K.L.:
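The following block contains the structure, expressed as structure tokens.
Count residues from 1 along the sequence. Note that the structure is predicted; figures quoted are calculated from it, not measured.
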Amino acid sequence: MKLYDLAINIKYEIINAGNPEIEDIIYDSRKAKRNTVFVCLKGYTSDGHKFAKSAAEKGVSALVISDDLKFDVPNNIAVIKVENTRLALALMSAELFEHPDRELKTVAITGTKGKTTTTAMVAEIFERAGIKTGTIGTLGVVYGGNTYKTDNTTPESYEIQKSMRNIINNGCKAMVIEASSLGLKHNRLAGITFDVGVFTNFSDDHIGGAEHKDLAEYLYCKSLLFRQCRHTAANIDDKNWEEITRDAKGKILKYGFSSSADLVAKNEHLLSDKGFIGVHFETDGIKKLSLDVGVPGKFNVYNALAAISAVSFFDIPDNAIVSGLKAAKVKGRVEPVKVPGHYTLLIDYAHNALSMENVLTTLRQYNPHRLITMFGAGGNRPKVRRYEMGEVSGRLSDLSVITEDNSRFEDVMDIIEDIKVGINKTGGKYVVVPNRKDAIRYCMEIAQDGDIIVLAGKGHEDYQEIKGVKYHMDERELVADIIAEGINKK
């Protein structure tokens, strides 16, 4: 594709004339080669303009800049100047990959909390309706049973467009994406028209440093999504919903517990039965449903409402919604793992005191026979985290099982001693099992009916980092191995 064709939707000034054939777009000068265009992105800590000379020397055919360059560009390299190179990258990438959003059912979800869970719920409902679906978000790009890791919740625009094209090539007909405030701020989603945009909730987060200068900017960036959506669904129990959706097109589908919502939740209560923990609720309004959600915590009623609202803009049967919400789970987020016996085993990413407190407080609401928490703490990280995690688990767990977790260049036993400092402040019961597989086995061997066991800290991670080496270790596989090897109940 010719350079000017790629830039058809961009306002630009021609600095070095030329319209070369372009096969790929790059923003990393190390990938520079003939028939590529290098886009000079400006970040919080780096500026691509500093690498434009290197890209030119390596043979790129074109440069896209927003600042004047401090070297003489060879005449055989085309240069166009734009106001915003991040926006240019997004719009050019959409052209390069032939606007994949036009071939997919698309849902974008924004909000401070709930994006990952709601994304999983929408995807599961689509799948239950026979619509093969890919997702882009915190866990990476997921489609066809495979996960491709990304650097950000909302990746760079080029990666999004490329991923959508790959999702289509894999036979998918729908795509669900987590739209982070930073992704919106940096134009990573520009060039895409979404079928549905969803607002979950808004609270104080991501303020300062390389993120948002203040709460007003954070809210404004969230609102940007709804300028590029055909339809909108919003949680009207959140006081910020009108401000965030002020630029939405057409009627907004409102959801919540409020009687003025279009989709109203009622009769919610917690569910716990033989390894299944979740929440039940019913809906009124545009849909009258009775639902069991397979993710614990009453706050997940809101995530489920968001998912129902999103899919209601498509021709999705109610039975797909009911079965999808019961089956939906997020890898590494209070993720249930099947085990023999009448107890619940969960894998969760909680790896600091705040996330651990949130998870354990939620699970306490289910009144387990015992709440058993297995966890460690990362090496070469502030020791205060270990003290705090130990204190939280000691206070909220009936038993803490202390083990290893990415010890890096520290001795596991030194880390465990620090965790014990926190636990000993509470008087909580604990045991030490340094090897993580042995610790999981111990938990499974002592499990009693009605127990909830949380394997905390690893979540979706599939490795253990020791002395600079990442060794493969997936807790789901460890549980399966332990079951296969046989469990000697204690």
K.L.:
Under 30°, 30 to 60°, or over 60°: which ring-plane class applies to Y158 and Y27, parallel, tilted or perpendicular?
P.N.:
perpendicular

K.L.:
Side chains of D237 and Y302: do they bring a donor and an acceptor to under 3.5 Å?
P.N.:
yes

K.L.:
Do E124 and K329 meet the salt-bridge criterion of a basic N to acidic O distance under 4.0 Å?
P.N.:
no

K.L.:
Counting only heavy atoms not in D151 (residues, nucleotides, ligands), do more than 12 fall under 6.0 Å from its CG?
P.N.:
no

K.L.:
Should we say atom NZ of K162 is surrounded by more than 12 heavy atoms from elsewhere, each under 6.0 Å from it?
P.N.:
no

K.L.:
Give a yes or no on this: more than 12 heavy atoms of other residues, nucleotides or ligands lie within 6.0 Å of atom NZ of K58.
P.N.:
yes

K.L.:
Kindly say whether the aromatic ring centers of F51 and F38 come within a distance under 6.0 Å.
P.N.:
no

K.L.:
Is a donor from one side chain sitting under 3.5 angstrom from an acceptor on the other, for T116 and E178?
P.N.:
yes

K.L.:
Quick one: does H472's side chain get under 4.5 Å of D462's, heavy atoms only?
P.N.:
yes

K.L.:
Do we see a donor-acceptor contact under 3.5 Å between the side chains of Y218 and T112?
P.N.:
yes

K.L.:
Strictly by modelled atom types, are S397 and T373 linked by a side-chain donor-acceptor pair under 3.5 Å?
P.N.:
yes

K.L.:
Got a sec: does the NZ of K113 have more than 12 other heavy atoms crowding it under 6.0 Å?
P.N.:
no

